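Because the structure is a prediction, the values reported are computed rather than measured.
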Amino acid sequence: MNSNWQTSWFRNAIALLMCAIAIFMTISPASAESSDGEHLFNANCSACHIGGNNVIISHKTLKKEALEKYEMKSLEAIRHQVINGKNAMPAFGGRLSEEEIEAIATYVLGQAEAGWSTARVEPTEQISGI
């Protein structure tokens, strides 16, 4: 077998395992009751999407350009992804309330607009300039 393929596969398997562990270990009663998008994102999403990146599929980030490219530039599209999951991303529809999912979607879209800086930005329904 090709050594590069084995290394790549192993790295992806470890990253996926770490995300799965983080998802199940970080959901706590405090995060389930919070409506703060940043807190909820950090508790449920940041293991795989820290800083708006993606440790599983590196080009499918939560950054503005990727959201636009993959038609995820609206609150509705992000909500749908969080509720239903896709590929390696688990569905959070059964774990988080509608309000919590809305808070996460709002936070993600706002951070995408701000370039994933530490500044908090309230998003519009779609990323501006589109």
Side-chain angles (χ1 to χ4, degrees):
M1 287 192 166
N2 184 336
S3 178
N4 288 336
W5 178 85
Q6 288 175 327
T7 302
S8 177
W9 181 89
F10 181 73
R11 231 181 327 173
N12 287 338
I14 293 296
L16 182 59
L17 179 62
M18 290 175 64
C19 287
I21 290 169
I23 288 167
F24 293 108
M25 297 296 289
T26 60
I27 298 174
S28 67
S31 67
E33 294 171 7
S34 174
S35 62
D36 180 39
E38 181 178 17
H39 174 74
L40 288 162
F41 179 87
N42 289 335
N44 295 284
C45 314
S46 66
C48 296
H49 293 290
I50 190 150
N53 294 305
N54 186 328
V55 300
I56 304 298
I57 304 172
S58 61
H59 63 278
K60 290 194 173 182
T61 68
L62 301 178
K63 297 185 177 173
K64 181 179 177 179
E65 297 78 20
L67 293 179
E68 290 171 348
K69 180 178 180 179
Y70 298 108
E71 299 180 1
M72 297 295 296
K73 63 185 178 239
S74 69
L75 291 173
E76 183 56 38
I78 296 169
R79 277 192 302 261
H80 184 278
Q81 184 82 11
V82 174
I83 292 167
N84 298 297
K86 186 175 181 183
N87 300 325
M89 181 177 161
F92 287 90
R95 295 185 215 164
L96 299 173
S97 70
E98 288 182 28
E99 294 81 17
E100 290 168 328
I101 291 168
E102 179 74 21
I104 290 171
T106 301
Y107 174 75
V108 167
L109 193 54
Q111 286 300 104
E113 291 178 354
W116 283 89
S117 70
T118 57
R120 298 187 99 171
V121 175
E122 291 299 317
T124 58
E125 179 60 28
Q126 292 194 347
I127 293 176
S128 59
I130 297 176

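With sequence neighbours excluded, the residues forming a side-chain contact (heavy atoms from CB on, under 4.5 Å) with Ala77 are Met72, Ser74, listed by chain and number. Remark: Ile57 engages Asn54, His59, Lys60 in a side-chain contact (heavy atoms from CB on, under 4.5 Å) (not counting sequence neighbours).
Considering CG of Leu62 and CG of Leu109, their distance stands at 10.5 Å, rounded to 0.5 Å. Atom CD of residue Glu102 and atom CZ of residue Arg79 lie 4.5 Å apart, to the nearest 0.5 angstrom. Annotation: the span from Gln81 atom CD to Tyr70 atom OH amounts to 12.0 Å, rounded to 0.5 Å. Here the NE2 atom belonging to His39 is positioned 10.0 Å from the CD1 atom belonging to Ile104, to the nearest 0.5 angstrom.
Of all heavy-atom pairs between Ile83 and Ala91, the closest is O-CB, 3.2 Å. Closest non-hydrogen pair, Ala66 versus Thr61, comes out as CB-OG1, 3.4 Å. Of all non-hydrogen atoms in Ala103 and Asp36, the two that sit nearest each other are CB-C, 4.4 Å.
No donor-acceptor pair under 3.5 Å is formed between the side chain of Trp116 and the backbone N or O of Asn53.
For the side chain to side chain contact (heavy atoms under 4.5 Å, CB included) criterion with Val82, the lone passing option out of Asn44, Val108, Leu40, Ile101 is Ile101.
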